[in-house]
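Read the structure below first, then the notes.
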Amino acid sequence: MKLAIGCDHGGYELKQEILAHLTERGIEYTDLGCDDASSCDYPVYARKVTEQIQNGSADLGILICGTGIGMSMAANKESGIRAALCHDVFSAKATREHNDANVLCMGARVVGPGLALMIIDTFLDTPFSNDERHIRRISLFS
Ligand code: RB5
């Protein structure tokens, strides 16, 4: 699995915890910034991550900002991107199975690191169902 991850200043600290967790799990990633907690614009980082998916450099992406909302709005403007804002484990599992979501967005001001890591593990470990009805539904909006 090829994974790209990005954040803005609101998500920087949580992203550091996520990177450590991914390393511990042996999951390789490309960290596309931001690189410190100084104020920056989340759409820039949403674009960097979605570009990696669009050009095949990444299969999945993770985007973290303060709420996760701006990142999900920006990511979903991009062709071929199915970004899901998830703050619970059920949604993370369901959006992989039903929506074949390729970007997970979370808000660092919404979830603590413990829950965030469970959501990430669930998202990364759950395959798309490949059910005909889900393929059809996705094709209706992509
Ligand atoms: C930054 O203050 C904040 O607006 C951003 O991280 C995010 O929550 C936007 O949706």
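Atoms within a ligand are numbered from 1 in the order they appear, just like the ligands themselves.
- Linking Ile, Leu, Val, Met, Phe, Trp and Tyr residues whenever their side-chain heavy atoms come within less than 4.5 Å leaves Phe128 and Val89 in two separate clusters.
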List ligand 1's nitrogen or oxygen atoms that come under 3.5 Å of a protein nitrogen or oxygen, with the partner atom and distance.
| from | atom 1 | to | atom 2 | distance (Å) |
| --- | --- | --- | --- | --- |
| ligand 1 | 2 (O) | Arg109 | NH1 | 3.4 |
| ligand 1 | 6 (O) | Asp8 | OD1 | 3.4 |
| ligand 1 | 6 (O) | Asp8 | OD2 | 2.6 |
| ligand 1 | 6 (O) | Gly66 | N | 2.7 |
| ligand 1 | 8 (O) | Gly66 | N | 3.3 |
| ligand 1 | 8 (O) | Thr67 | N | 2.9 |
| ligand 1 | 8 (O) | Thr67 | OG1 | 3.0 |
| ligand 1 | 10 (O) | Thr67 | OG1 | 3.2 |
| ligand 1 | 10 (O) | Gly70 | N | 2.8 |

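- Put simply, Met71 and Tyr12 are part of two different groups of oily side chains (I, L, V, M, F, W, Y) that touch within less than 4.5 Å, one to the next.
- Thr50 is linked by a side chain to side chain donor-acceptor pair (under 3.5 Å) to nothing, counting only residues two or more places apart in sequence or in another chain.
- Leu104 is connected to Leu115 through a chain of hydrophobic side-chain contacts under 4.5 Å among Ile, Leu, Val, Met, Phe, Trp and Tyr, so both are in one cluster.
- With sequence neighbours excluded, the residues satisfying side chain to side chain donor-acceptor pair (under 3.5 Å) with Asp131 are Arg133.
- Residues passing the ring pair (Phe, Tyr, Trp, His ring centres under 6.0 Å) test with His134, sequence neighbours excluded: His98.
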